[in-house]
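Structure first, commentary second.
Residue indices begin at 1 and follow the sequence shown. These figures come from a predicted structure and were not determined experimentally. In listed order, ligands and their atoms are each counted from 1.
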Amino acid sequence: MPQGIGVFDENLCLRIWNPGLVDILELPPDIVREGAHFSELIRVLAERGEFGFGDVDAIVERQTALATKFEPYTYEHAGPRGRAHLFRSEPLHIDGQLAGCVTTCTDITERRTSAEREQLAQKVYTHTPAGIIFTDEAHRILSINPATTQMTGYESFELLGQTVFGLIELEHEQSLEVFQENIAQHGSWNGELQVTRKNGDNFPAGTRVNRVDDPQSGLPANYIWILADITERKQSEERMRHIAQHDTLTGLPNRLALLMRLAQLLPEARRHNWKVAIMFLDLDRFKIINDTLGHQVGDEMLREVACRLSSVVRETDFVARLGGDEFVIILPGINSPSDAATVAGKVIVSLSSAIEANGHELHTSPSIGISLFPDDGPDGDIILKNADTAMYHAKAAGRNNYQFFASEMNLATSERLNIEHKLRHAIARNELALCFQPQFRAGDAMPTGVEALLRWHHPSEGMISPSRFIPVAEETGIIVEIGDWVLTNACREMKHWIDAGLKPMRIAVNVSARQLRRRDFCETVASALAASGLPADLLELEITESSVMENPQEAIIILERLGRMGVTLAIDDFGTGYSSLAYLKLFPIDHLKIDRSFVADIETDLNDRAIAFGTIALAHSLGLRVIAEGVETEDQLDLLRSNGCDEVQGFLFSKPLTSAAAFAYLHARCAAG
Ligand code: C2E
Ligand code: MG
Ligand code: MG
């Protein structure tokens, strides 16, 4: 027998036993002998600490007293080396007389641990937050744990016998058969599924399926489905994704999101032969608003612009902010470039009404560059870069307009870079020079002054026209340094001429918007005057109307300071930009220069004539004098003169001349007059 058996007589002396008794209890063989007393055996166990630690005599006495009662008992006992023993004792009667007891001892270690394991498993099964579904070989539900009920809303009885597939939904492309086959084949499956609740809702579940094989046949017998509700993880992933892909200021998608959208959209467009338009949009004058009114106003304005852009485009279009005042709109699936032009037109209209920001009424306009996929580039990077290039051309074309990309633009861009590179050395290498074009009184053609015009003699490229390099110099800021050079040299030149005997006369110097924005511009002018010794009232600064209109309030302050210094001011290229008469009245201006484009057509074009004559009348009503530039013919001169134009400048009288030639020319004319 696997148990140990000992028979004790009525005096608790051992009478019969089997080898199992010695083995299971691990008793020393000399103790187990005929007539050994119960207490002797117990003492061995007590000394091993199997009844707990304490006084061994007392333990032996207590256990012996218990046995002496000869009552049936069962007792689970921790044996040596972590084994579990079950003692049973039954009184033994012979002919109705108590004759002793039979004691058995069974090793129940295996049984106990497997029961414990089962209990533990049961605990896990009931208390784990994971849903556990136990199915048969056809995925029919055999049992579910409480967490499954909690997740799905189904009670156990509602699901028993149903297949798991009534509860879950697979990814779009996956078929049930393939999925089942997969699990059966690989023994387990990991992934995400949608689980449908009793109330019809869905939630994403991280899922693991394990196959359990029948140990006899080796065939799949059961499956264990373990589900975890990952809604929260998905939500926080989604939140992170949103944060990473959106601009916090406007809530629009950011550059990363834009690139991802393009990466997804362009291959699709290529497959279907669709065109995609990319519009790159930059706000005109935003930097000035931001710098002068503060970032809060700038931010407010960007939010409003974002709002307006989102409302003009369609649902399927995509508006992103790249940062600063740069926005990009993607128009997928357009039919022709004119569709993009229509949207660009709408964008311009939507931004044309004033924007209210922190109590300021602001005006902005967009410069928009448009490129088309696949016509203007094979991938997102190039398409975007080309839209950016086109945007620069829109800016150069006078802002508030849109331009389609054309491959020549990249040539223009590289030319610009080329010029910029060379221009940086022009002053140091002495490549710049001034020439001078005389100006005359219209009535008697007496010289009144000269305009200083910049020339760049590049050693290998020859003469580079100011209309080519001045815009680059303005864009890059090199104009500030060049402008200082022009001012200093122009003043010095006129002072030389006067010192050499020329009748003192005015010298006009062109000033760009970029120079005018500098805080220290008045000081620059003052020091050019001081260094040359030229009287301030002989210096005239030519400023274009657009440069003062960029920020009229600030311009007034600077121009007034210059006026107080005695310097005179002329508005150059009048009529080509956009002026507010209300402001014009506020500037301390002395001259208006009618742009040469009006003068050129004054004989033939009635509109130009009306503008030229209107300008003269307007200027006179404001107390200003008028100079017409670009006068090339006698007829032009006659028309201007008879309509009251005060002064003239142009090839009819003289081209721009070198310093020496200008001095000789003026000296002779003044002497002759
Ligand atoms: P602007 O100030 O309007 O200068 C007048 C331009 O008209 C000059 O061209 C001059 O040569 C040209 N011009 C004069 N008379 C006639 C004429 O009868 N017919 C025609 N067709 N043209 C005439 P330029 O020298 O090529 O200068 C072009 C522009 O470059 C200037 O226009 C001015 O805006 C800018 N610029 C020139 N020098 C400077 C400078 O030192 N600083 C700045 N900021 N700009 C300058
Ligand atoms: Mg000028
Ligand atoms: Mg001009």
Side-chain angles (χ1 to χ4, degrees), residues 419 423 426-427 431-440 442 449-457 462-494 506-518 521 524-525 528 539-548 568-577 589-603 608 626-637 640 645 647-659 661-662 665:
I419 287 184
L423 198 53
I427 297 184
E431 293 167 6
L432 297 183
L434 288 179
C435 64
F436 303 88
Q437 187 176 33
Q439 300 170 327
F440 305 87
V450 289
E451 178 178 5
L453 292 162
L454 188 57
R455 293 293 174 260
W456 179 13
H457 300 278
M463 267 286 281
I464 301 177
S465 150
S467 49
R468 256 178 80 197
F469 72 83
I470 294 281
V472 180
E474 289 190 334
E475 244 172 63
T476 52
I478 309 176
I479 192 68
V480 174
E481 196 189 342
I482 292 180
D484 286 1
W485 182 91
V486 171
L487 259 173
T488 310
N489 284 280
C491 291
R492 187 192 298 149
E493 216 63 52
M494 179 52 82
R506 186 180 65 213
I507 179 146
V509 172
N510 293 286
V511 169
S512 85
R514 193 79 185 242
Q515 285 172 279
L516 207 59
R517 281 214 297 271
R518 306 256 319 175
F521 182 63
T524 307
V525 173
L539 177 63
E540 177 155 277
L541 301 178
E542 291 194 4
I543 294 154
T544 61
E545 39 181 358
S546 43
S547 73
V548 287
T568 59
L569 299 166
I571 296 287
D572 201 355
D573 302 344
F574 188 79
T576 58
I589 309 164
D590 305 279
H591 285 107
L592 283 190
K593 291 190 79 173
I594 300 179
D595 189 67
R596 58 185 180 278
S597 60
F598 298 108
V599 174
D601 295 330
I602 202 170
E603 297 147 290
D608 284 358
V626 180
I627 305 181
E629 64 177 17
V631 179
E632 295 182 354
T633 68
E634 289 287 351
D635 284 351
Q636 290 167 351
L637 177 63
L640 288 162
C645 181
E647 291 176 45
V648 286
Q649 171 185 355
F651 295 168
L652 177 63
F653 301 90
S654 169
K655 296 212 162 186
L657 304 167
T658 61
S659 173
Y665 179 92

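Looking at Gln636, its side chain never comes within 3.5 Å of a backbone N or O of Glu603 through a donor-acceptor pair.
Of the heavy atoms in Gln437, only side-chain atoms (C-beta onward) come closer than 4.0 Å to ligand 1. When non-hydrogen atoms are compared, ligand 1 lies under 4.0 Å from the side chain of Arg455 (C-beta onward) but not from its backbone. Under 4.0 angstrom from ligand 1, the non-hydrogen atoms of Val486 all belong to its side chain.
Using a 4.0 Å heavy-atom cutoff, Glu451 is listed among the residues neighbouring ligand 1. Under a 4.0 Å heavy-atom criterion, Gly483 is not in contact with ligand 1. For Gly630, the closest heavy-atom approach to ligand 1 falls below 4.0 Å. The closest approach between a heavy atom of Glu629 and any atom of ligand 1 is below 4.0 Å.
Taking CD1 of Ile543 as the start and CG of Asp573 as the end, the distance is 12.0 Å to the nearest 0.5 Å. The distance from the CD1 atom of Ile571 to the CD1 atom of Ile627 is 12.0 Å, given to the nearest 0.5 Å. Separation of atoms CG (Leu640) and CD1 (Ile594) is listed at 6.0 Å; rounding is to 0.5 Å. Arg596 CZ to Asp572 CG: the interatomic distance, rounded to the nearest 0.5 Å, is 8.5 Å. Atom-to-atom distance recorded for Leu487:CG and Leu434:CG is 10.0 Å, nearest 0.5 angstrom.
Atoms of ligand 1 found under 4.0 Å from any heavy atom of Asp573, numbered from 1 in the order shown, are 3 (O). Residue contact check: Glu632 has heavy atoms under 4.0 Å from atoms 17 (C), 18 (O), 19 (N), 20 (C), 21 (N) of ligand 1. Close approach of ligand 1 to Ser512 is summarised as follows: ligand atoms under 4.0 Å from at least one heavy atom of the residue are 44 (N). Remark: ligand 1 atoms within the under-4.0 Å shell around heavy atoms of Pro656 are 11 (O).
In terms of polar-atom proximity, Phe651 is counted as a contact of ligand 1, with an N or O under 3.5 Å from an N or O of the ligand. Ligand 1 has a nitrogen or oxygen under 3.5 angstrom from a nitrogen or oxygen of Asp572. In terms of polar-atom proximity, defined here as any N/O pair under 3.5 Å, Arg596 does make such a contact with ligand 1. The distance criterion of under 3.5 Å between nitrogen or oxygen atoms is not met by Ile470 with respect to ligand 1.
A donor atom on one side chain and an acceptor atom on the other are found under 3.5 Å apart for Asp595 and Ser597.
Taking 4.0 Å as the cut-off between side-chain N and carboxylate O, Arg514 and Glu474 do not count as a salt-bridged pair. Using a cut-off of 4.0 Å between Lys/Arg side-chain N and Asp/Glu carboxylate O, Lys593 and Glu540 are scored as not salt-bridged.
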Would you sort out whether Leu539 and Met494 count as a side chain to side chain contact (heavy atoms under 4.5 Å, CB included), showing the intermediate values?
CA-CA 9 Å; Leu539 177 63; Met494 179 52 82; over 6 Å; no

Could you walk me through whether Ile482 and Trp456 pass side chain to side chain contact (heavy atoms under 4.5 Å, CB included), step by step?
CA-CA 11 Å; Ile482 292 180; Trp456 179 13; over 6 Å; no

Stepwise side chain to side chain contact (heavy atoms under 4.5 Å, CB included) test for Ile427 and Glu481
CA-CA 9 Å; Ile427 297 184; Glu481 196 189 342; 3.8 Å; yes

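Seen from the Mg ion (ligand 2), atom OE2 of Glu451 and atom OE1 of Glu542 lie 90° apart in angle, a value rounded to 10°. The angle that Asn510 OD1 and Asp572 OD2 make at the Mg ion (ligand 2), rounded to 10°, works out to 80°.
Here atom 43 (C) of ligand 1 lies nearest to Asn510 when heavy atoms of Asn489, Asn510, Leu453 are compared. Among Ala490, Pro466, Ser547, the residue whose heavy atom lies closest to atom 24 (P) of ligand 1 is Pro466.
When distances to the Mg ion (ligand 2) are checked against a cut-off of 2.8 Å, Glu629 contributes no N, O or S atom below that limit.
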